[in-house]
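Report on the structure given below.
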Amino acid sequence: MHMRKRKSRSTKHPFFAILVCLIFLCACQPEYEARPTRIPTSASTPTQTQTFTLVPTITPKASLTPTITLTPYPSLTPTYTATSVSPYPAKLLDFEDSYGNMVDWGYFYVTEIGFDADAEVNQLSAMISFRLMDRAIHQRNMRILGQDITVYYLNVSHDFKGEQIAMELVIGGTYGKDVLINLIPADGSAYLRVRLMTSDEPFDPYVIHRDANLPFAQQQEQYPDMMLIDFQARLRSLPYELIILADHPILFPRNDWQQIKVDMMRISSLAVRYWSFFSLDVHDHITGPSDFASALAQYLLSGQSMPEGSYSFASQTLILITP
């Protein structure tokens with residue numbers, strides 16, 4: 001009996017040991033679920049965000065702001081129309097036109113005239129002589145048709161029936177206030193039509209008027225455009241004996257008024273040239289010739305005296321006569 005019991009206990013023991021081993025082995029198997037080995041690969045994406053740090057390299061565009069380099073120009077504030085210009089009245093020289101007329105400080109010649117249906121003069125141009133009073137180009141500001149314009153002119157005088165009257169001879173203009181001559185934009189406002197002649201050359205005011213109004217390419221041969229800044233330098237080198245003559249329209253046909261108004265609104269040099277020859281209403285509509293234009297026409301055509309006032313003539317073609 002005793003021996004039989006021991007035998008049965010020994011047969012159960014190995015089986016129990018095997019079962020325990022199997023359970024232990026299962027518990028020690030590695031777990032592959034949610035393994036973090038691939039997660040660090042997403043961490044590499046921050047390295048891409050570093051590439052966006054290159055965006056600040058666009059900031060060098062701020063270097064374009066040196067357009068403020070224009071600021072040195074204020075150092076040029078002393079204008080060419082210095083208030084202390086010394087008087088230097090030109091001296092008359094002995095000179096006649098091609099028709100035998102003495103060209104003095106009271107000389108004029110009607111270069112074009114036209115009539116309307118009622119036989120009234122409605123178109124008039126004339127070449128007028130002037131005495132240059134100094135050797136500078138002066139400037140002042142005007143507001144014309146709602147725009148600020150710097151006007152450039154010469155100080156001159158003309159002899160009206162024995163009376164020397166000071167005048168402004170307008171030679172150009174540009175948009176803006178107090179624009180220096182050397183800062184005028186490189187367009188038509190920077191130029192004037194001028195011809196230099198000596199007293200030995202024949203002077204026919206009608207031919208000059210005709211040729212100066214030819215198509216641009218043809219007129220440039222004898223009447224080249226000169227920059228105002230160059231004309232300023234030329235003035236200072238001219239001799240003491242000097243006669244200046246300017247040819248310009250005074251009366252304009254009514255049918256041309258609308259186009260003239262358009263030109264005055266678009267071209268600064270035309271605005272300053274035409275301004276003194278027209279009357280405008282409160283709405284800036286042209287209503288007719290100015291009092292100055294009417295009085296000047298009467299003076300040129302019938303010899304009537306000029307009333308007192310401040311007068312401004314203009315130059316479409318400028319002629320300089322020297323010995």
Side-chain angles (χ1 to χ4, degrees), residues 90-116 121-132 153-154 156-160 167 169-172 188 191-228 230-231 234-235 238-239 241-253 256 259-260 263 269-270 273-274 276-277 293 296-303 312-323:
K91 181 182 178 181
L92 188 65
L93 55 89
D94 188 12
F95 184 62
E96 294 182 353
D97 67 12
S98 298
Y99 308 102
N101 301 310
M102 180 65 65
V103 180
D104 54 16
W105 303 134
Y107 175 88
F108 64 85
Y109 188 94
V110 174
T111 52
E112 186 172 0
I113 189 169
F115 302 86
D116 60 18
V121 176
N122 69 342
Q123 183 176 3
L124 181 67
S125 294
M127 184 169 291
I128 301 177
S129 69
F130 296 97
R131 185 183 192 184
L132 188 63
Y153 65 94
L154 303 176
V156 297
S157 68
H158 180 78
D159 188 339
F160 289 93
M167 301 180 64
L169 180 57
V170 175
I171 58 175
Y191 297 86
L192 73 158
R193 185 186 303 163
V194 60
R195 180 177 178 182
L196 304 176
M197 299 178 60
T198 66
S199 57
D200 296 330
E201 298 179 61
F203 171 68
D204 189 327
Y206 171 75
V207 172
I208 290 176
H209 171 83
R210 181 198 65 192
D211 293 349
N213 286 279
L214 290 172
F216 183 78
Q218 294 175 289
Q219 67 177 246
Q220 284 294 295
E221 297 177 5
Q222 297 187 49
Y223 305 94
D225 289 339
M226 181 182 292
M227 294 189 69
L228 287 174
D230 295 332
F231 182 67
R234 180 61 64 90
L235 278 178
L238 291 174
E241 293 181 302
L242 171 68
I243 299 175
I244 289 184
L245 298 107
D247 183 49
H248 197 275
I250 298 166
L251 299 179
F252 303 79
D256 294 344
Q259 183 58 50
I260 290 172
D263 291 341
S269 58
L270 294 182
R273 275 176 40 198
Y274 292 153
S276 63
F277 298 102
L296 183 59
Q298 291 298 319
Y299 167 78
L300 297 175
L301 297 176
S302 59
S312 176
F313 198 67
S315 170
Q316 180 178 10
T317 304
L318 196 66
I319 309 297
L320 305 181
I321 309 293
T322 59

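None of the values given here were measured: they were computed from a predicted structure. In what follows, every heavy atom counts, from backbone to side chain, and hydrogens, waters and symmetry copies are set aside.
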Report yes or no: does Thr317 contribute a side-chain atom to a donor-acceptor pair with the main-chain N or O of Ala212 at less than 3.5 Å?
-> no

Rounded to the nearest 0.5 Å, the CG atom of Leu132 sits from the CG atom of Leu169 at a distance of 9.0 Å

First locate atom OG of Ser129, then atom CD1 of Ile319, and finally report the distance between them rounded to the nearest 0.5 Å.
-> 12.5 Å

Can you measure from CE (Met197) to CG (Leu245) and round to the nearest 0.5 angstrom?
-> 9.0 Å

Is Arg131 close to Asp159 at the side-chain level, that is, under 4.5 Å between some pair of heavy atoms?
-> no

Between the side chain of Gln259 and the main-chain N/O of Asp256, is any donor-acceptor distance below 3.5 Å?
-> no

Is the closest side-chain heavy-atom distance between Leu196 and Thr322 below 4.5 Å?
-> no

Might you confirm whether atom OH of Tyr206 has over 12 heavy atoms from other residues, nucleotides or ligands at distances under 6.0 Å?
-> no

Mind listing the closest non-hydrogen atom pair of Phe231 and Met226 along with its distance?
-> CA-SD, 3.6 Å

Taking the six-membered ring for Trp, are Tyr274 and Phe252 parallel (under 30°), tilted (30 to 60°) or perpendicular (over 60°)?
-> perpendicular

Side-chain heavy atoms of Tyr191 within contact of Asp230, under 4.5 Å = no

How long is the span from the CD atom in Glu112 to the CG atom in Leu124, to the nearest 0.5 Å?
-> 9.0 Å

Could you state the interatomic distance from CD1 (Ile128) to CD1 (Ile250), rounded to the nearest 0.5 Å?
-> 5.0 Å

Check whether any side-chain heavy atom of Ile243 lies under 4.5 Å from a side-chain heavy atom of Leu92, and answer yes or no.
-> yes

Flag yes if more than 12 heavy atoms outside Arg234 fall under 6.0 Å of its CZ atom; otherwise flag no.
-> no

Minimal non-hydrogen separation, Ala246 against Ser315, with atom names | CB-CB, 4.0 Å

For the residue pair Asp225 and Arg193, establish whether any side-chain heavy-atom pair is separated by less than 4.5 Å.
-> yes

Determine, using ring centers only, whether Tyr109 and His209 are less than 6.0 Å apart.
-> no

Evaluate the side-chain proximity of Ile208 to Asp247: yes if any heavy-atom separation is below 4.5 Å, no if none is.
-> no

List the atom of Ala90, the atom of Trp105, and the distance in Å for their closest heavy-atom pair.
-> O-CZ2, 3.6 Å

May I ask you to check whether Asp204 and Tyr99 show a side-chain donor-acceptor distance below 3.5 Å?
-> yes

Would you indicate whether the side-chain heavy atoms of Ile321 and Glu241 approach each other to under 4.5 Å?
-> no

Determine whether the side chains of Asp97 and Tyr107 contain a donor N or O and an acceptor N or O closer than 3.5 Å.
-> yes

Rounded to the nearest 0.5 Å, the CG atom of Leu214 sits from the OH atom of Tyr223 at a distance of 8.5 Å

Heavy-atom closest pair, residues Thr111 and Pro205 = CG2-O, 3.7 Å

Would you call the rings of Phe277 and His248 parallel, tilted or perpendicular, where under 30° means parallel and over 60° means perpendicular?
-> parallel

